[in-house]
Every structure is written in structure tokens, then in C-alpha cells.
Amino acid sequence: MAGRHIELGQVDDELAGHNARLLAHALRVAQEGNRLIAAAADRGVPCSEADVATLRVLLFNATYIRDIGRTLGGMLRCSAAWGRLPQPLLLPPPAFTLANGRQLWVGATNIVDSRIVGDMVAYRDLIVFTAPDAFDGFPEPGSGIDAKLLTRDGAHVYRLFGRANDLDLDLAREASADQGFAPERRAWACAPEGGPDVCVVSRLRSDAWFQFPARVLSVAGALALAFLAGLCVLWRLHAGSAKTELRKAILGGDIQVHYQPLRQLATRRLAGFEALARWRARGQDVSPSLFVPLAEAMGLGRALSRRVTSQALRDLHQRLRDNPELYISINVSAADLKDAGYRNFLMDAVNEHGLTPANVALEITEGTPLSDGHVLSMVKTLRGKGFKVFIDDFGTGHSNLNYLAELQADAIKLDRSFTGAIGAEDAGTLIVDHVINISRELGISLIIEGIETEEQASYLLARQPAAVGQGWLFGRPVPLSEIVAD
Ligand code: C2E
Ligand code: MG
Ligand code: MG
């Protein structure tokens with residue numbers, strides 16, 4: 001009896017693991033769609049040449065989204081893939097509308113080309129098309145698992161996997177409380193409240209689970225690695241205690257700052273350093289891509305920015321004084337720019353260390369609404385005082401070609417995903433070339449992130465010898481003590 005118990009426990013673990021992976025994947029797909037929609041919102045003249053170019057830049061960086069377009073009056077007018085349509089195309093009626101106003105089409109025939117079938121999500125005048133293969137690999141081949149992705153209230157189905165038609169969320173909720181020795185196992189899971197409205201319910205068919213005690217172990221191993229290392233970290237952070245830890249770390253000075261060199265592409269001479277926040281929680285490094293947004297959501301964004309700013313200036317002031325051409329580049333948010341307190345703090349810190357504003361660059365990170373009049377005027381004020389302003393992660397978020405000219409930033413930092421595509425994909429190199437041309441036309445300096453290979457460096461050098469590069473080829477982010485003298 002005990003042996004059978006353990007086996008059933010393992011089967012349930014496998015099913016829960018599968019649910020977690022599927023849910024995490026669904027969240028990634030949903031988040032990417034939302035990110036693109038947010039990034040493309042309120043951009044100049046809809047479907048103008050510049051607008052379609054922006055949509056293309058956004059799309060290029062997407063993994064699960066195949067196209068993004070604009071609608072007017074229920075008609076598709078243009079998209080990144082198809083450009084401006086000669087004639088607007090009527091959308092079919094949506095399958096359902098979510099509480100957040102998003103309309104969904106499930107397994108719809110593509111309106112431009114009927115050979116393409118996929119899901120679509122529309123919000124305001126934007127529509128994104130999920131790639132038909134966005135969920136390839138689910139359920140894992142041979143796993144005997146059926147699954148269904150659906151809304152929290154169970155009323156709407158996003159996607160079916162295997163023979164999942166009859167799977168019911170409420171029944172699974174009831175059943176999973178006490179499945180006893182039932183040969184057919186069921187499990188369910190939902191995205192954290194406040195996130196996308198998505199749950200998964202799944203079943204392991206009784207004919208499947210008798211065969212695989214060995215496989216269960218390998219799946220459990222993969223689960224521990226892939227899942228724990230990824231989204232689970234974020235979910236664990238959502239637990240109250242981890243928030244407390246993050247608060248303590250930020251307020252108590254436990255956030256470290258590492259420095260990554262930026263170098264002239266042509267000479268490899270040092271141009272500056274980027275300050276990157278580091279947090280080690282319970283013996284594990286937590287990525288700033290996870291804890292920075294969390295800190296901001298907790299209202300600790302400003303405290304974090306001040307910590308990083310003062311630490312970076314304290315650490316590097318001597319180098320900057322010895323070489324006034326160098327700068328330290330700091331990641332800030334729109335909230336920081338608008339905050340007179342932060343601007344004064346920054347100016348005081350610069351003065352206190354005997355530096356000039358030209359020694360400091362502020363990186364406006366992705367997510368900054370560059371169309372915000374207040375942000376624009378603050379950028380102008382800061383530049384007027386002599387600070388440099390860089391547009392970070394160019395091409396991925398709110399970096400809008402239309403506003404670039406108005407913003408008059410000192411440099412754009414081409415996101416590393418584009419650099420990674422050099423040589424590998426024609427479309428990737430096209431985008432890189434496009435951005436190089438834009439920066440040249442607007443007279444904005446170019447910084448290229450994520451240079452990892454000599455091939456990438458020489459490709460870029462041939463096209464824009466004046467560019468500055470950042471990436472593992474030129475140096476990884478390191479603590480102060482490991483910065484090598486140049
Ligand atoms: P970011 O500002 O775009 O920073 C560059 C990121 O690219 C860093 O990731 C860096 O470690 C990584 N990177 C640099 N060169 C390479 C390369 O050659 N290959 C690859 N694969 N990666 C490279 P990191 O440190 O994980 O930071 C992630 C993001 O977190 C940053 O992206 C930035 O947006 C944010 N962040 C970091 N520190 C702070 C901070 O103090 N304040 C704020 N507001 N955001 C921060
Ligand atoms: Mg940055
Ligand atoms: Mg960046």
C-alpha cells in the first residue's frame with residue numbers, strides 16, 4: 001500500500017509540474033502580447049510608414065507573437081508583417097472579451113491569409129497574432145497528459161491539449177482535494193491573482209501513469225531546474241516574507257552594485273561603466289529584471305535608485321575624476337526623473353564627489369512612457385544641466401521612433417536581442433542596420449548592448465565605427481574590486 005502511495009504522489013507531482021510549466025508558458029505568451037500592445041499604444045499617426053516601422057521593430061523582438069497590427073472600426077488596417085493593407089479587412093466577431101477589455105479569437109483563420117490559423121488578442125486599436133507554434137511541446141510528447149487553458153471562472157477556453165474537451169476546472173478543484181487512489185489523476189493551477197486571467201486544468205490518463213516511475217524522476221529534476229530557476233523565483237518573491245527581505249535589503253544597504261564597461265568599438269577604449277544592481281537572497285542571486293520591477297511595485301523604486309546612485313558615485317568617483325571623459329551610467333525610471341527629490345539628490349552627490357554632470361548618464365529603462373510631457377521636459381532639464389541621457393533597450397519597449405527626434409537623447413542603446421541576431425537571421429541584421437541608419441539621421445550616438453563575439457563587433461564596426469559597445473566580449477559586470485585598470 002505504501003509503495004502505491006508514493007507512486008501516486010509522484011504521479012501527482014508530475015502533473016502539478018506539468019501544470020506549472022504550462023501555466024508559466026501561458027503567462028509568458030500573454031505577457032509578451034500585453035507588452036507589445038502597451039509598447040505600441042498611442043504612437044503618432046496610426047499605420048503611417050513610421051508607425052509600421054515601429055511595429056516591425058517591436059515584432060522583431062517577439063518570440064511568441066507572429067504579427068501586430070492596427071484596427072479601426074473592427075477592420076485591420078496595417079500590420080508589421082503585411083504593412084499597410086491596400087484595403088482594410090473586416091475582423092470576425094471575437095470568441096469572448098475578458099474583464100480587462102481584451103478581445104480574444106481562438107483558433108481563428110488569419111484574416112489576411114486563410115492558410116494561417118492562430119489566436120488573436122485585440123485591445124483598443126491594436127491586435128496581436130499569437131504564433132501558431134507558440135505552445136509547441138505541450139503536453140510533453142508521450143506524457144499521456146490532457147490539459148486545458150481557460151479563464152479563472154472556467155467560462156472561456158484559450159486552448160486544448162490532447163483530449164481535454166470534458167475537463168472541468170471546478171470538478172478538478174473538488175477532485176484534487178481528495179483523489180484517494182483514483183487511477184485517473186487531475187490537477188489544476190491558476191496564475192497569481194492580479195495577473196493574467198488564466199488557469200490550467202489537466203488530467204493524466206490512467207493508461208499512462210503505470211509505466212513511468214523512472215521518467216517521473218527525470219521530469220521532477222527538469223522541473224526543479226527550469227521552473228525553480230525561472231518564474232518560480234518571481235512567485236516565491238511574491239510571498240510576503242520575500243518582500244520583507246527585499247525591503248530590508250534596499251533600505252538596509254544590502255543591494256550591491258556591479259559595473260560593466262562600455263567601450264569605443266573602434267579603439268576598445270573605455271567610455272564608461274553601467275551600474276547594475278545585484279541582490280542575493282537566501283544564498284541565491286535574484287535577477288534585477290525580477291526584483292527591480294517588484295521593488296517599484298512595492299513603492300521602493302526611488303529608494304533603490306538612490307542607493308545605486310550613491311554607491312556608484314562613491315565607488316567610481318576617483319576614476320571619474322582621474323579621467324573626466326568617463327561616465328557612470330545609471331538606470332532610472334520615469335518616476336525618478338519626475339521626482340525633484342531624486343534630481344537634487346543626484347546633483348548633490350555629483351557635487352559632493354567633485355564630479356560634473358557630464359560624468360553621469362541616466363538610462364531611461366524600458367517602460368518609460370517617452371511621450372509623457374513631464375518626462376520629456378525633465379529629460380531636457382537634466383540635459384541642460386549637463387547630464388547625459390540614454391534610451392535603454394532600444395527596440396523592445398516604449399522606444400518610439402517618433403519621439404526620438406523630440407527627446408534629443410545623447411544615445412540610444414540597441415537592445416542586446418538584436419545584437420544576438422546578427423549573422424543568425426537576416427531580419428535581425430536588417431533591424432540593426434535600420435537602427436544604425438536612424439541614429440545617424442537623428443545625430444544620436446549609438447551604444448550597442450550584448451556584444452559577445454568578435455564577429456558581432458566587426459559587423460558593427462564596419463557599419464558604425466563611432467558606436468560604443470557593451471557586452472561580455474568587452475567585460476562582464478563585476479564588483480568594484482574586480483574592475484581591471486585600463
Ligand atoms: P539593462 O540596463 O539593459 O542592463 C544590461 C543587461 O544586459 C544586464 O543584465 C547585463 O548583465 C546584461 N548583459 C551585458 N552584456 C551582456 C552580454 O554580452 N550578453 C548577455 N546575455 N547579457 C549581457 P542585468 O544586470 O541582469 O540587468 C537586467 C536589467 O535590470 C537591466 O537591463 C536594467 O533594466 C535593470 N536594472 C539593473 N540594475 C538596475 C538599477 O539599479 N535600477 C533600475 N531601475 N534598473 C536596473
Ligand atoms: Mg541599462
Ligand atoms: Mg539595456
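Just so you know, ligand 1 is whichever comes first in the structure, and atom 1 is the first atom listed for that ligand.
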Donor-acceptor contact below 3.5 Å, side chain Asp285 vs main chain Arg280: no
Quick one: does Ser305 get a heavy atom under 4.0 Å from ligand 1? no
Derivation and outcome, side chain to side chain contact (heavy atoms under 4.5 Å, CB included), residues Val389 and Leu337: CA-CA 11 Å; Val389 173; Leu337 291 182; over 6 Å; no
With a 4.0 Å cut-off on heavy atoms, is Pro477 touching ligand 1? yes
Decide, yes or no, whether a salt bridge links Arg263 with Asp486 under the criterion of side-chain N to carboxylate O below 4.0 Å. yes
Do any of the N, O or S atoms of Glu274 sit under 2.8 Å from the Mg ion (ligand 2)? yes
Structural part of Val292 in contact with ligand 1, heavy atom criterion under 4.0 angstrom: side chain
Kindly check if the number of other-residue, nucleotide or ligand heavy atoms within 6.0 Å of CZ (Arg440) is above 12? yes
Counting heavy atoms under 4.0 Å, the part of Gln470 that contacts ligand 1 is neither
Taking the N/O/S atoms of Glu449 one by one, which is nearest to the Mg ion (ligand 3)? OE2
What's the OD1-the Mg ion (ligand 3)-OD1 angle here (Asp393, Asp392), rounded to 10 degrees? 100°
Near Glu325 CD, under 6.0 Å, is it more than 12 heavy atoms from other residues, nucleotides or ligands? no
Is any side-chain N of the basic residue among Asp51 and Arg70 closer than 4.0 Å to the acidic one's carboxylate O? yes
Proximity of Ala277 to ligand 1 by residue part, where a heavy atom lies under 4.0 Å: both
Using the side-chain contact (heavy atoms from CB on, under 4.5 Å) definition, which of the options Ile451, Leu461, Leu473 pairs with Gln456? Ile451
Just heavy atoms, cut-off under 4.0 Å: does Leu473 contact ligand 1 by side chain, backbone, both, or neither? neither
Asn331 and ligand 1 - part of the residue with a heavy-atom distance under 4.0 Å: both
At the 4.0 Å heavy-atom cut-off, does Lys413 count as touching ligand 1? no
Less than 4.0 angstrom from a charged side-chain N to a carboxylate O is my criterion; do Arg302 and Asp339 meet it? yes
Side chain, backbone, both or neither: which part of His258 has a heavy atom under 4.0 Å from ligand 1? neither
Among side-chain atoms of Asp125 and Thr71, is any donor-acceptor pair under 3.5 angstrom? no
How wide is the angle at the Mg ion (ligand 2) between OD1 of Asn331 and OE1 of Glu363, to the nearest 10°? 90°
